[in-house]
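The structure is given below, and queries will be raised subsequently.
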Amino acid sequence: MTDEIEVDRPVAVLPSRRWRSLLPICVAAASAGIAWLAGSAYLRGAEVRIARRYAEDHRTREVIVAARRLEAGTVVEAGMLARRTFPLRYLPKSAVSPHRLAELLGRELAQSLDAGDVLLPGALRGHGAPALAMELSPGERALTIAVDETNSHAGLLRPGDLVDLLFVSVQEAGPDRTARIQPLLQAVPVLATGKALRVPASAEAAEPRAGRDFATVTLRLGARDAERVALAERAGELLISLRAPVDRELTAHGPLVLGSLLATGSGVAASRVTDNVWYVDGWIGGRDGRLAPHRWRVAASTSGVVP
C-alpha cells in the first residue's frame with residue numbers, strides 16, 4: 001500500500017476582504033460624482049437666473065419719438081415721427097407704441113418736443129386724458145372755484161364754454177345796507193367742470209341736454225386775473241353768467257346798486273315803492289260822527305332800499 005502525499009494548496013482570498021479594500025475607492029468616487037452633479041446643477045441654475053435677470057433688465061420696446069424739433073401747436077403728421085427702440089426700464093408706461101400711430105395723426109401738440117423725445121399721450125391736445133397743466137399756455141393759470149346748482153347752470157355748463165364773472169358784495173353804512181354787483185371778468189373760458197377736461201363725444205351724443213353733477217369749475221385765466229377771482233371769492237359772492245360760444249365782445253358796464261335797481265329816469269317806480277310801502281293808510285272815526293282818512297309814516301330811507 002502506497003502512502004499518499006498531500007500537497008499544500010494556496011488559500012483563496014475571501015471576497016469580503018477584497019471588497020473591504022475597494023470600499024474607500026468607491027466612496028471617494030461616489031462623493032466626487034455627487035459633488036460634480038451638485039456643482040453642475042448649481043452652475044446651471046445660476047446661469048439661468050443671471051440670464052433671466054439680464055433679459056429682464058435689458059428688455060426693449062419700440063416706441064414713437066419726434067423725428068425733429070416740433071413746436072407746441074404743431075399738427076402731427078407721419079413724416080414728423082420716427083420709431084426707436086429703448087430699454088423698457090427707462091420708458092414711461094404711457095409711451096406711444098407704433099401700432100397706435102393712426103391715433104396721433106392730425107392731433108395738435110400741447111408742448112414742444114426735441115428730436116428723439118418719446119411721444120406721450122399727454123403731449124397731445126384732445127387725446128386721452130392729458131394732464132391739466134398741458135392745457136395751459138405760457139402766462140395762463142388754472143383756477144378752480146366752487147359752484148352750486150345755480151352757478152353750474154343746473155349742471156349744463158361744459159368745458160369750452162365762455163362765461164362772465166359777476167361780483168356781488170354787501171356794504172353796511174350805518175343803519176342802511178346796500179347790495180352792489182359789478183362785472184369782474186368777461187368771456188372767461190371754462191377749462192374743466194369737476195374732473196372733466198372735455199365732454200366725451202359718446203356721452204354728449206347720448207345725452208346732449210342732460211345735466212351732470214359737479215361741484216367745481218376750473219377757469220382759464222391770466223396770472224393777475226386769477227388773483228382777482230381768488231380775492232373776490234373770499235370777499236363776496238361770485239355769480240357765473242353764460243355767454244354764446246361766438247360772443248367775445250367785451251361790454252362796459254358800471255356797478256349796479258340795489259337803490260337804483262327799480263329806479264327809472266323819471267323816478268316814478270321809486271315813488272310808487274315809497275307811497276305803497278313806507279306809508280300805511282287808515283281811517284280815523286269820531287270827528288262829527290264821520291270817518292276821516294289818515295296816513296301814518298312808517299319809515300324813510302335815502303338809499304332807496306325798502307326797509
Side-chain angles (χ1 to χ4, degrees), residues 72-73 75 106-110 124-169 179-258 260-265:
V75 178
R107 302 283 185 179
E108 182 181 344
L109 284 178
L124 299 169
R125 296 188 188 277
H127 184 81
L132 180 60
M134 295 298 183
E135 297 290 313
L136 299 174
S137 300
E140 292 183 337
R141 303 292 186 268
L143 182 68
T144 301
I145 62 175
V147 295
D148 53 15
E149 187 75 6
T150 301
N151 264 352
S152 68
H153 295 272
L156 295 175
L157 207 60
R158 293 288 181 269
D161 285 342
L162 294 178
V163 298
D164 289 352
L165 298 181
L166 306 178
F167 177 58
V168 182
S169 61
R180 177 188 181 96
I181 185 169
Q182 64 186 86
L184 182 64
L185 293 173
Q186 301 182 50
V188 177
V190 176
L191 192 58
T193 55
K195 296 181 179 180
L197 278 172
R198 59 186 53 85
V199 179
S202 58
E204 191 67 22
E207 298 178 301
R209 297 185 180 179
R212 292 173 176 81
D213 293 331
F214 51 87
T216 59
V217 168
T218 303
L219 306 173
R220 185 195 301 271
L221 299 165
R224 190 60 176 175
D225 288 339
E227 297 174 0
R228 295 176 61 195
V229 173
L231 181 60
E233 189 178 21
R234 286 154 181 77
E237 182 182 2
L238 278 178
L239 299 179
I240 296 178
S241 177
L242 184 62
R243 276 179 172 244
V246 296
D247 183 8
R248 294 180 177 270
E249 181 181 356
L250 303 183
T251 57
H253 292 305
L256 179 66
V257 296
L258 185 59
S260 61
L261 182 63
L262 300 178
T264 63

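Numbers for residues simply follow the sequence, beginning at 1.
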*Drop me the distance from Leu221's CG to Leu143's CG, to the nearest 0.5 angstrom.*
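Separation between the atoms: 6.0 Å.
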Please report the interatomic distance CZ(Arg243) to CD(Glu249), rounded to the nearest 0.5 Å.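 Atom-to-atom, Arg243:CZ and Glu249:CD are 8.0 Å apart.
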### Heavy-atom donor-acceptor pair, Gln186 side chain to Thr251 backbone, under 3.5 Å
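Side chain of Gln186 to backbone of Thr251, a donor-acceptor pair under 3.5 Å: yes, one is there.
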* Give, for atom CG of Asp247 and atom CG of Asp164, the distance between the pair rounded to the nearest 0.5 Å. =>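 Nearest 0.5 Å value for the CG-CG distance: 8.0 Å.
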Residue pair Glu140 / Arg220: nearest heavy atoms and the distance that separates them: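 Taking every non-hydrogen atom into account, OE1-NH1, 2.9 Å.
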* Closest non-hydrogen atom pair between Leu185 and Val188, with its separation ->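 Shortest heavy-atom contact: CB-CG2, 3.7 Å.
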message: Which residue is it: Thr218, Thr216, Val229, Asn151? I am looking for the one with a side-chain contact (heavy atoms from CB on, under 4.5 Å) to Ile145.
response: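 Exactly one option meets the side-chain contact (heavy atoms from CB on, under 4.5 Å) with Ile145, and it is Val229.
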If you round to the nearest 0.5 Å, how far is CG of Leu166 from CD1 of Ile181?
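Those atoms lie 5.0 Å apart.
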key: Taking every non-hydrogen atom, the tightest pair across Pro159 and Ala196   =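 Looking at all heavy atoms of both residues, the closest pair is CG-O, 3.5 Å.
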* Min side-chain heavy-atom separation Val190-Leu219 under 4.5 Å ->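 With C-beta onward as the side chain, the pair touches.
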Note, Pro189 side chain near Leu162 side chain (heavy atom, < 4.5 Å) =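 Touching, per the 4.5 Å side-chain cut-off.
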Rounded to the nearest 0.5 Å, what's the gap from CG on Leu184 to CG on Leu239? Could you check?
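Reported value, rounded in 0.5 Å steps: 11.0 Å.
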Minimum heavy-atom separation for Arg248 and Ala187, please, with both atom names.
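For Arg248 versus Ala187, the nearest heavy atoms are CA-CB, 4.4 Å.
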Which pair of non-hydrogen atoms, one from Ala226 and one from Arg141, has the smallest distance, and what is that distance?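 Nearest heavy atoms, Ala226 then Arg141: CB-CB, 4.1 Å.
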Arg224 backbone acceptor or donor facing Arg228 side chain under 3.5 Å: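 Pair absent, no side-chain N/O of Arg228 close to backbone of Arg224.
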inquiry  = Less than 4.5 Å apart, side chain to side chain, heavy atoms only: is that true for Thr144 and Val217?
reply    =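 A side-chain contact under 4.5 Å is absent here.
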Show the nearest heavy-atom pair for residues Phe167 and Ala232, with the distance to one decimal.
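Heavy atoms of Phe167 and Ala232 come nearest at CE1-O, 3.3 Å.
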